[in-house]
Amino acid sequence: MRDKEVGTLVILILAILIFSFTFSNFINIRITGNVVNGGITGFGTATNIIISNYWAPITYSAVTCYDSDNGKDYYIAGYITIGSTRYDDLCTSQTKLREYYCFNNNKKYVNFNCPYGCSQGRCNTAPTCTAGWKCKDTSTLAYQNTDCTWTSLTPCTYGCLDNACSQGSSIEIIKGMRFDPSYYYNKGYSAATLAAKIASDAQTNGVNTIFMYSYNPTYGAFYKTTYQDTAVEGGFGSQDMLKELISAAHAKNIKVVAWLPVNNFKKVWDNHADWREKTKSGTDYKPATDLYLLSPLHDSFQTWYQGFLNDLLTTYPGIDGIEAAEGVIDWTWDWSVDYNPVANQKYLAAYPSGTLGDANWKIFRASGMTKLHQILIQVAHSKSKQAYVVQTWSSKSDGHLMLSSAIRDGSGFDFDGIMNLADKPNYIAAELIWQEQASNYNNPTIFTPDWTKQATEEFITNVNKRTNAIVHVELSTFGAYTPTNAQFQTSLQHALTGTQGADFYDHNLVETKAAWPNVKAVYSTVI
């Protein structure tokens with residue numbers, strides 16, 4: 001046979017074999033396949049083949065296990081399907097979840113105990129809340145923590161609304177009195193007998209809260225402490241005046257609040273020169289002989305201050321609250337401080353293109369003072385105690401109160417910054433002392449006892465229900481201005497009108513000037 005004929009025969013044989021193979025597979029497909037809506041099911045991946053001269057897609061109908069949440073996810077309400085059967089994750093009790101999943105293409109499930117309960121086919125996630133003061137219910141203001149627990153429950157006499165006790169309400173209206181033990185030396189009192197007198201005078205004249213000067217920046221604590229860099233005052237302090245007063249006052253249902261310095265501590269100043277406030281030239285800032293001002297932005301001082309407060313509240317768990325009293329950075333309002341190296345470093349890190357002493361610097365240095373107040377508030381609330389803040393709200397020459405921002409930039413104390421904290425003080429007190437302003441401006445025409453009414457109304461507006469407002473007045477002499485008992489009574493009455501409390505300075509002056517009837521006349525009118 002010729003070569004050409006052999007080649008033709010080989011090609012013919014190969015063509016027959018290829019056709020036979022293709023046809024046999026075609027026949028097999030026709031026999032085992034099922035035409036559904038123009039398609040064929042029962043074969044591998046979708047493809048196209050010719051049957052009766054038209055194309056038809058092929059899809060699988062093999063049984064598989066499908067899991068909507070891709071395994072054991074206890075916090076998604078998922079399901080699995082086996083063929084046409086569906087199995088949904090479900091709660092078999094308030095705390096137990098039946099979670100379905102696929103394993104080797106088969107149905108499996110596990111019973112899982114949900115830490116925070118089970119609902120709608122899934123475990124509940126851990127509760128999270130924004131920390132802050134909120135209405136726990138219609139009659140209770142409380143502090144809610146990030147884990148949604150509540151502390152510092154405060155009954156609201158007139159109801160709780162918009163996360164604040166309704167105007168004029170709180171746990172009770174504060175009818176406060178200030179008490180400084182240092183005025184009673186050489187008068188024959190022991191700590192116990194003085195405490196009994198203070199508590200008795202308070203009860204007789206309607207006082208329900210005593211703010212006790214508890215730590216003297218120079219001489220130390222009027223209570224027992226061994227905390228680092230502190231001292232115990234050698235007279236009433238060594239007799240534990242705070243303990244005696246808490247006992248005597250509580251026996252008469254009167255609260256005691258420890259009135260404390262914020263950044264003025266002599267022993268800390270002596271032992272930690274690098275913590276001191278500094279002038280621009282790097283020297284220590286010492287505007288007065290009894291001021292030992294520490295830099296609020298210094299981390300080590302912040303840590304010390306937190307420990308100082310924890311030590312007090314741990315040692316005296318019966319105390320009702322603590323107060324940050326008149327914290328200040330710039331005593332002379334001349335922007336000459338605080339240039340502590342740590343404060344400088346923090347500012348330039350926050351404002352790389354900033355300049356020490358510029359407008360942003362004034363705001364930034366006040367943030368350190370706000371941080372110290374935040375520490376006091378958080379420590380108080382962690383021990384379920386009340387937190388108080390007091391500071392002078394200065395006036396302009398026309399009698400209107402200064403803006404909070406002006407006080408912030410001048411002194412470093414930021415009223416608005418403190419009231420805007422997530423964890424707010426229970427009370428903020430403004431010192432609105434008419435005779436002090438009359439002396440500052442030598443203007444007894446604008447600044448009279450009745451000025452207290454206007455100033456109190458402006459203070460209430462500034463607080464804007466962010467916390468409870470207290471107004472502080474005094475019997476003290478400022479310059480040429482000494483209030484009479486009647487003038488003191490007038491200012492105290494204005495201070496208590498529309499606020500959540502008032503307090504006066506102080507027990508010694510009222511005693512010396514025989515002004516108890518004036519106190520009682522005001523405080524007896526408020527329940």
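Applying the 6.0 Å contact sphere to CD of Q228 captures more than 12 heavy atoms from other residues, nucleotides or ligands. For Y219, the OH atom is loosely surrounded, since the number of other residues' heavy atoms within 6.0 Å does not exceed 12. Around the OH atom of Y116, the shell of radius 6.0 Å holds no more than 12 heavy atoms that belong to other residues, nucleotides or ligands. In this structure, K278 places its NZ atom where more than 12 heavy-atom neighbours from other residues, nucleotides or ligands lie under 6.0 Å away.
The aromatic ring centres of Y183 and H507 sit 6.0 Å or more apart. Between W269 and F265, the gap from one ring centroid to the other reaches at least 6.0 Å.
Remark: side-chain polar atoms of Y215 are not paired, donor with acceptor, to backbone N or O of A258 under 3.5 angstrom. A donor-acceptor contact shorter than 3.5 Å links the side chain of S411 to the backbone of I407. No side-chain donor-acceptor contact under 3.5 Å links T230 to the backbone of T226. At distances below 3.5 Å, at least one donor-acceptor pair connects side-chain atoms of T448 with backbone N or O atoms of D450. T467 places a side-chain N or O within donor-acceptor distance of the main-chain N or O of N426, the cut-off being under 3.5 Å. The closest donor-acceptor contact from the side chain of K280 to the backbone of Y339 lies at 3.5 Å or more, if one exists at all. Without hydrogens or angle criteria, D338 side chain to I329 main chain gives no donor-acceptor distance under 3.5 Å. The closest donor-acceptor contact from the side chain of Y292 to the backbone of N263 lies at 3.5 Å or more, if one exists at all. Looking only at distances, no side-chain donor or acceptor of D311 sits under 3.5 Å from a matching main-chain atom of Y227. The closest donor-acceptor contact from the side chain of N340 to the backbone of E277 lies at 3.5 Å or more, if one exists at all.
We find the CD-CG distance between E233 and N216 to be 7.5 Å, quoted to the nearest 0.5 Å. Distance check, rounded to the nearest 0.5 Å: OH of Y285 to CH2 of W331 gives 8.5 Å. Considering CD of Q239 and NZ of K224, their distance stands at 9.0 Å, rounded to 0.5 Å. From C160, atom SG reaches atom NZ of K134 across 12.0 Å, with rounding to the nearest 0.5 Å. The distance from atom NZ of K383 to atom CD1 of I322, rounded to the nearest 0.5 Å, is 10.0 Å. To the nearest 0.5 Å, atoms CE (M241) and CZ (F236) are separated by 6.5 Å.
Screening residues 386-407 for ring-ring contact (aromatic ring centres under 6.0 Å, His included) gives F211-Y388, Y388-Y427, W393-F415, W393-F459 as the qualifying pairs, with residues at least two apart or on separate chains. Within the structure, the salt bridge (Lys or Arg N to Asp or Glu O under 4.0 Å) test picks out the following pairs touching residues 494-509 (sequence neighbours left out): R178-D503. Under the ring-ring contact (aromatic ring centres under 6.0 Å, His included) criterion, the residue pairs touching residues 462-502 are F488-F504, with sequence neighbours excluded. Listed by first and then second residue, the salt bridge (Lys or Arg N to Asp or Glu O under 4.0 Å) pairs that reach into residues 358-374 are D330-R365, sequence neighbours excluded. Sorted by first and then second residue, the pairs that involve residues 406-430 and meet salt bridge (Lys or Arg N to Asp or Glu O under 4.0 Å), not counting sequence neighbours, are D416-R466.
Every residue two or more places apart in sequence or in another chain that forms a ring-ring contact (aromatic ring centres under 6.0 Å, His included) with H272 is listed here: W275.
Side-chain contact of D69 with Y74: a donor-acceptor pair under 3.5 Å is absent, judged by distance alone. Side chain to side chain, H381 and N145 fail the donor-acceptor criterion of an N or O pair below 3.5 Å. One side chain, T279 or S281, offers a donor N or O that lies under 3.5 Å from an acceptor on the other.
Salt bridge present: D284 and R276 bring a charged side-chain N and a carboxylate O closer than 4.0 Å. Between D290 and K266 there is no salt bridge, since none of the side-chain N atoms of the basic residue sits less than 4.0 Å from a carboxylate O of the acidic one.
What you find for L376 and E323 is that their closest heavy atoms are CD1-C, 4.0 Å. Nearest heavy atoms, L242 versus S214: CD1-OG, 4.0 Å. Here the closest heavy-atom approach between residue W335 and residue G410 is recorded as NE1-CA, 4.1 Å.
The aromatic rings of F179 and Y184 lie tilted to each other, with the angle between the two planes from 30° to 60°. In this pair, Y505 and W259 present their aromatic rings perpendicular. The plane angle is above 60°, beyond the 30 to 60° band.
Contact check for Q386 versus I377: no side-chain heavy atoms found under the 4.5 Å cut-off.
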Exercise for review: Could you please spell out the steps behind the side-chain hydrogen bond (donor to acceptor under 3.5 Å, both in side chains) verdict for Q454 and E458?
Suggested key: CA-CA 6 Å; Q454 170 197 317; E458 290 185 14; 3.2 Å; yes
Check your understanding: Where do T452 and T456 land on the side-chain hydrogen bond (donor to acceptor under 3.5 Å, both in side chains) test, with the steps shown first?
Key -> CA-CA 6 Å; T452 313; T456 296; over 6 Å; no
